Amino acid sequence: MGSSNKTIVWFRRDLRIEDNPALASAARDGSVFPVFIWCPNEEGQFYPGRVSRWWLKHSLSHLNQSLKSLGVGLVLIKTHSTLAALLDCINAIQATKVVFNHLYDPVSLVRDHNIKEKLVEHGISVKSYNGDLLYEPWEVYSKSGHAFTLFDPFWKRCLDMQTKGVSLNPPWQLFPAEGKVKKCSIEELGLEDELERSSNALLGRAWSPGWSNADKALTEFVEKHLLHYSKNRLRVGGDSTSLLSPYLHFGELSVRKVFQSSRMKQILWANEGNIVGEESVTLFLRAIGLREYSRYLCFNYPFTHERALLGNLKFFPWNADPANFKAWRQGRTGYPLVDAGMRELWATGWIHNRIRVIVSSFAVKMLLLPWKWGMKYFWDTLLDADLESDILGWQYISGSLPDGHELERLDDPEVQGAKFDPEGEYVRQWLPELARMPTEWIHHPWDAPLTVHIASGVELGQNYPKPIVGVDSARERLTQAIFKMWEMEAAAKAADSEGKNEVVAENSNSAENLDIPKVVLKGKTPCATISANDQKVPAFQDPKNDKPIRKRSKCVAEAEPNPDKPQNHKNDPEVSSIDQEMCSTAESSCKKQSTTSTYSFSVPQQCSSSSNPKWSWQEQIDMEQNSSEDSKHPYISKGEKK
Ligand SMILES: Cc1cc2nc3c(=O)[nH]c(=O)nc-3n(C[C@H](O)[C@H](O)[C@H](O)COP(=O)(O)OP(=O)(O)OC[C@H]3O[C@@H](n4cnc5c(N)ncnc54)[C@H](O)[C@@H]3O)c2cc1C
């Protein structure tokens with residue numbers, strides 16, 4: 001190791017040693033300076049919640065120990081400017097290079113792009129790598145060269161492409177690049193404050209953050225549970241799914257490794273004629289595909305944390321009622337399955353995918369709450385809070401993805417309860433006030449005779465609420481809202497064609513009213529990149545020319561030809577026609593930074609849940625997604641029994 005190269009390895013959400021391309025390249029090049037920079041003010045409104053920070057704290061300690069055993073400890077820095085902190089490190093060790101792995105959420109896309117530009121301006125060599133995905137978002141196009149807006153063709157295309165190998169062996173030794181910087185201890189990072197400690201104490205019983213624990217969790221899942229994933233993932237309760245999402249969020253597990261170890265099993269089971277095993281792997285990989293797709297959408301359409309992917313919701317009259325929002329958060333809606341889910345979320349930071357779909361659909365369809373409020377609340381409370389997956393989930397249920405739930409679809413929580421929790425065990429576990437309610441009434445206690453109420457100690461309106469809204473009136477309200485949305489959309493179009501669109505009243509939620517700019521992926525990228533590995537930034541087009549569009553078929557007819565683009569994609573079944581009407585890029589995010597803050601949505605203060613010491617942590621329970629309709633949708637696992 002005679003090289004004089006000194007490389008800063010900037011760790012973010014790639015907290016692992018194994019299959020970490022940035023770390024591996026630095027280790028190959030010479031001496032290394034691993035650093036984690038914590039800059040709360042740059043996180044803005046997406047400052048991580050209490051449980052997410054707890055996880056991060058433990059994961060960083062774990063990584064530090066591993067790096068130390070290889071020869072170099074992790075330097076922790078708390079700062080007001082990531083760029084300034086990086087420049088300090090560069091000066092302190094006389095670094096020749098900075099390396100890091102890509103992130104794709106809208107906040108990081110902008111920050112990383114700016115930092116990279118500034119470092120290059122300072123004459124620093126910067127190199128970035130794919131440490132988080134099977135494929136970079138700019139590697140996956142439809143035949144016509146456009147970004148996919150449908151999951152199935154996206155995932156088919158991914159599976160048809162060749163996967164890149166995993167460098168399973170971590171570096172066996174690291175050589176330190178010496179230098180003095182203002183570093184701090186893990187406690188000084190301030191990821192967990194005094195008030196949060198007692199709430200967090202029980203977390204450690206259920207979860208073990210850290211990359212080597214992630215590795216063990218993966219092995220156990222692949223060896224013991226993967227075979228029955230297709231059946232078990234539907235179970236309400238128990239470890240029915242992999243529970244890998246927090247590890248994947250913080251990059252403690254290489255998704256390439258997850259993919260390869262599952263594929264190996266699939267090949268083995270195919271040879272043995274084990275159809276159940278084969279199907280299980282297909283479904284599990286599909287789940288991994290959804291994670292890939294969440295990053296893909298965020299990269300190609302980086303405003304999706306602030307406004308719907310489809311323009312149809314632009315005029316939707318949300319009912320931004322803080323009292324309803326509070327009742328939903330507290331699990332006091334009067335619908336047992338929804339309330340049980342919300343209580344579990346608050347108490348444990350975890351809910352199964354199916355429960356996520358049920359509670360989020362309830363908020364949007366039954367209460368007409370803005371989907372962004374729900375998204376932010378999930379972000380604040382989930383242990384696996386992940387901006388990209390959170391955005392995908394909320395846009396999926398709120399009718400703003402071309403292959404998600406229909407906007408007009410409203411599921412009855414009583415019916416869902418009977419279907420997914422037939423014995424009422426889940427409800428009884430999380431709602432002790434209904435513990436003695438007979439199964440017959442558990443999902444609709446309001447229908448139970450008075451004698452049953454008396455016998456089970458349930459006093460509706462006293463110790464358990466009456467339904468916050470009836471299903472029939474909610475359905476009516478949703479229909480009216482959709483009509484109003486159409487009316488306003490038509491009025492906007494008419495006003496637009498008469499050149500007086502300023503008189504059109506729009507709904508109260510300003511963040512929904514942004515026009516959606518267009519994207520051409522294979523265009524010239526405006527941001528200079530340094531190597532073929534580097535983060536790409538797709539081109540940006542003028543958003544003024546965009547028109548709001550309605551979901552699915554209609555927009556094909558309405559779409560106007562764009563002279564800048566090849567037209568053959570109109571008939572491209574792999575790309576929904578909305579592709580012409582949507583999206584933007586990291587470049588546009590940079591330009592739009594001020595817009596972002598101007599329009600950033602406001603969530604009532606009470607939503608912030610980061611520290612409530614009242615609740616204890618319990619065993620995690622998992623469930624899968626929604627009703628029979630769901631089998632048509634990509635975000636719902638196929639093969640679900642009706
Ligand atoms: C409204 C809503 C919000 C969500 N918010 C988040 C979030 O903040 N963070 C998060 O990681 N997931 C989120 N999801 C997706 C999904 O619910 C979780 O990834 C899953 O429940 C995690 O459990 P698991 O690891 O046992 O999943 P498994 O079923 O074992 O799947 C394996 C992995 O695939 C990925 N995955 C599975 N389903 C999805 C999905 N629908 N979308 C994206 N990735 C998926 C996850 O990384 C997961 O760890 C959300 C879903 C909805 C409907």
Side-chain angles (χ1 to χ4, degrees), residues 13 46 48-49 51-52 55 105 132-134 151 154-155 207 214 217-218 220-222 225-226 228-230 232-235 238-255 258-259 261-262 280-281 283-298 305 341-342 344-345 349-365 369 371-398 400-401 403-405 620-626 630 633-637 640:
R13 291 200 296 274
F46 293 107
V51 289
S52 185
W55 188 287
D105 66 277
D132 189 48
L133 289 176
L134 297 170
F151 173 71
F154 162 81
W155 187 230
W207 297 92
L218 173 66
E220 187 177 329
F221 173 70
V222 171
H225 306 293
L226 179 57
H228 301 294
Y229 180 81
S230 65
N232 288 351
R233 77 191 198 286
L234 307 177
R235 252 190 314 118
D239 294 354
S240 55
T241 53
S242 71
L243 307 179
L244 291 176
S245 52
Y247 295 113
L248 285 166
H249 170 71
F250 283 109
E252 290 156 64
L253 198 53
S254 154
V255 75
V258 176
F259 187 88
S261 39
S262 313
S280 283
V281 179
L283 290 171
F284 178 68
L285 291 182
R286 209 177 145 78
I288 296 297
L290 286 171
R291 180 180 177 276
E292 293 272 312
Y293 191 55
S294 70
R295 273 110 179 103
Y296 185 80
L297 284 185
C298 277
H305 63 307
M342 294 309 288
E344 186 192 9
L345 171 61
W350 178 268
I351 40 174
H352 186 282
N353 193 45
R354 172 175 291 150
I355 296 293
R356 293 184 203 208
V357 171
I358 289 171
V359 299
S360 57
S361 300
F362 184 90
V364 167
K365 304 292 179 69
L369 289 170
W371 64 271
K372 287 172 290 183
W373 288 18
M375 184 193 81
K376 179 65 166 58
Y377 182 68
F378 268 29
W379 169 261
D380 285 340
T381 48
L382 278 170
L383 192 68
D384 61 11
D386 176 276
L387 201 44
E388 297 95 314
S389 302
D390 200 10
I391 291 168
L392 181 75
W394 280 89
Q395 297 231 9
Y396 161 66
I397 60 93
S398 64
S400 39
L401 291 182
D403 49 359
H405 278 185
Q620 311 310 311
I621 293 183
D622 243 8
M623 282 170 281
E624 249 271 341
Q625 286 168 325
N626 231 317
D630 287 340
H633 293 288
Y635 312 108
I636 303 298
S637 307
E640 183 173 330

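Side chains are part of it too, since the values below use all heavy atoms of this structure and drop only hydrogens, waters and symmetry mates. A quick note: this is a predicted structure, and the numbers were derived from the prediction, not measured. For ligands, and for the atoms within them, numbers begin at 1 and follow the listed sequence. Numbers here are sequence positions counted from 1.
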* To do: Mark up the atoms of ligand 1 that fall under 4.0 Å of a heavy atom belonging to Ala385, in ascending order.
  => 8 (O)
* Structure fact -> Closest to atom 49 (O) of ligand 1 (heavy atoms only, candidates Ser262, Ser52, Ser245, Ser240) is Ser245
* **Note: Arg13-Asp386 ion pair, threshold 4.0 Å (strictly below)** => no
* Quick one: list whatever passes side-chain hydrogen bond (donor to acceptor under 3.5 Å, both in side chains) with Trp55, sequence neighbours left out. => Glu252
* Residue Val357 vicinity, atoms of ligand 1 by number, heavy atom under 4.0 Å -> 53 (C)
* Asked: Donor-acceptor pair, Glu292 side chain versus Leu134 backbone, under 3.5 Å?
  -> yes
* To do: Mind checking side-chain hydrogen bond (donor to acceptor under 3.5 Å, both in side chains) for Arg356 and listing every partner two or more places apart, or none if nothing turns up?
  => Asp384
* To do: Check ligand 1 against Leu244 and write out every atom of the ligand that is under 4.0 Å from a heavy-atom position of the residue.
  => 25 (O), 49 (O)
* Below 4.0 angstrom from a heavy atom of Leu382, which ligand 1 atoms are there? Numbered from 1 as shown, please. => 5 (N), 7 (C), 8 (O)
* Region of Tyr229 engaging ligand 1 - heavy atom pairs below 4.0 Å -> side chain
* Asked: Considering only heavy atoms of Phe284, which atoms of ligand 1 have at least one such atom less than 4.0 Å away?
  -> 30 (O), 32 (C)
* To do: Run the numbers for me: atoms of ligand 1, each under 4.0 Å from some heavy atom of Ser360, listed by number.
  => 1 (C)
* Asked: Does Phe151 reach ligand 1, in the sense of a heavy atom lying below 4.0 Å from it?
  -> no
* To do: Could you tell me if the ring centre of Trp155 sits under 6.0 Å from that of Tyr293?
  => no
* Contact with ligand 1 for Ser294, non-hydrogen, under 4.0 angstrom -> no
* Give a yes/no on ligand 1: does Tyr396 have at least one heavy atom closer than 4.0 angstrom to it? => no
* Is Leu248 touching ligand 1 with its side chain, its backbone, both, or neither, if touching means heavy atoms under 4.0 Å apart? -> side chain
* Asked: Taking non-hydrogen atoms only, is Trp379 closer than 4.0 angstrom to ligand 1 via side chain, backbone, both or neither?
  -> neither
